[in-house]
Amino acid sequence: MRSRSAAASDGRAAADAAAADPRACFSESLRVFKEINAEGEQACTLRAWAEFELQQGQTDEGRKRAKAARDIFLRLGTASEVERTDAML
C-alpha cells in the first residue's frame with residue numbers, strides 16, 4: 001500500500017506537468033473525473049479540451065472530444081449543455 005506522502009507527491013508531479021502543458025491538465029482532469037465517476041465533469045472537461053484543440057487548429061481531435069462530451073450530456077439529459085456543445089461546432 002502506498003503512503004499518503006507518495007500519493008501526494010504523485011499528485012504534485014501531475015499538477016506541475018499540467019501547469020506546463022494544457023493537454024496534460026485536461027488529461028489529468030479527465031482521469032480524476034473518470035476515477036470518481038463524475039460524468040458531468042468529464043463532459044465539461046472534454047468540451048473545454050475540444051474548444052482548446054479547435055482553437056489550436058486540431059479540428060479532428062477537437063470534434064472527437066466535442067462529440068464525446070455531447071454524448072455524455074445527452075445521456076445525462078442536459079439539453080442546454082448539448083446545445084452549448086453543438087454551438088461550438
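Numbers here simply count residues along the sequence, with the first being 1.
- Looking at residues two or more places apart in sequence or on another chain, you find no salt bridge (Lys or Arg N to Asp or Glu O under 4.0 Å) involving Lys34.
- Side chains of Gln58 and Arg23: a donor on one and an acceptor on the other come within 3.5 Å.
- Atom CG of residue Asp71 and atom CD of residue Glu39 lie 11.5 Å apart, to the nearest 0.5 angstrom.
- Listed by chain and residue number, Arg31 satisfy the side chain to side chain donor-acceptor pair (under 3.5 Å) test with Glu35 (two or more places apart in sequence, or in another chain).
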Could you give the side-chain donor-acceptor pairs of residues 76-83 under 3.5 Å, partners two or more places apart or in another chain?
from, atom 1, to, atom 2, distance (Å)
Thr78, OG1, Phe73, O, 3.1
Glu81, OE1, Arg47, NH1, 2.8
Glu81, OE1, Arg47, NH2, 2.7

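- Taken to the nearest 0.5 Å, the CD atom of Glu41 stands 11.0 Å off from the CD1 atom of Ile72.
- Atom CZ in Arg70 sits 4.0 Å away from atom CG in Asp86 (nearest 0.5 Å).
- Note on residues 43-66: pairs passing ring pair (Phe, Tyr, Trp, His ring centres under 6.0 Å), not counting sequence neighbours, are Phe26-Trp49, Phe26-Phe52.
- Residues Ala50 and Ala66 come closest through the heavy atom pair CB-N, 3.5 Å.
- Not counting sequence neighbours, the partners of Lys64 by the side chain to side chain contact (heavy atoms under 4.5 Å, CB included) test are Glu61.
- Heavy atoms only, all atoms of each residue included: Ala43 and Ala69 are closest at O-CB, 3.3 Å.
- Here Ala68 pairs with Leu46 under the side chain to side chain contact (heavy atoms under 4.5 Å, CB included) rule; sequence neighbours left out.
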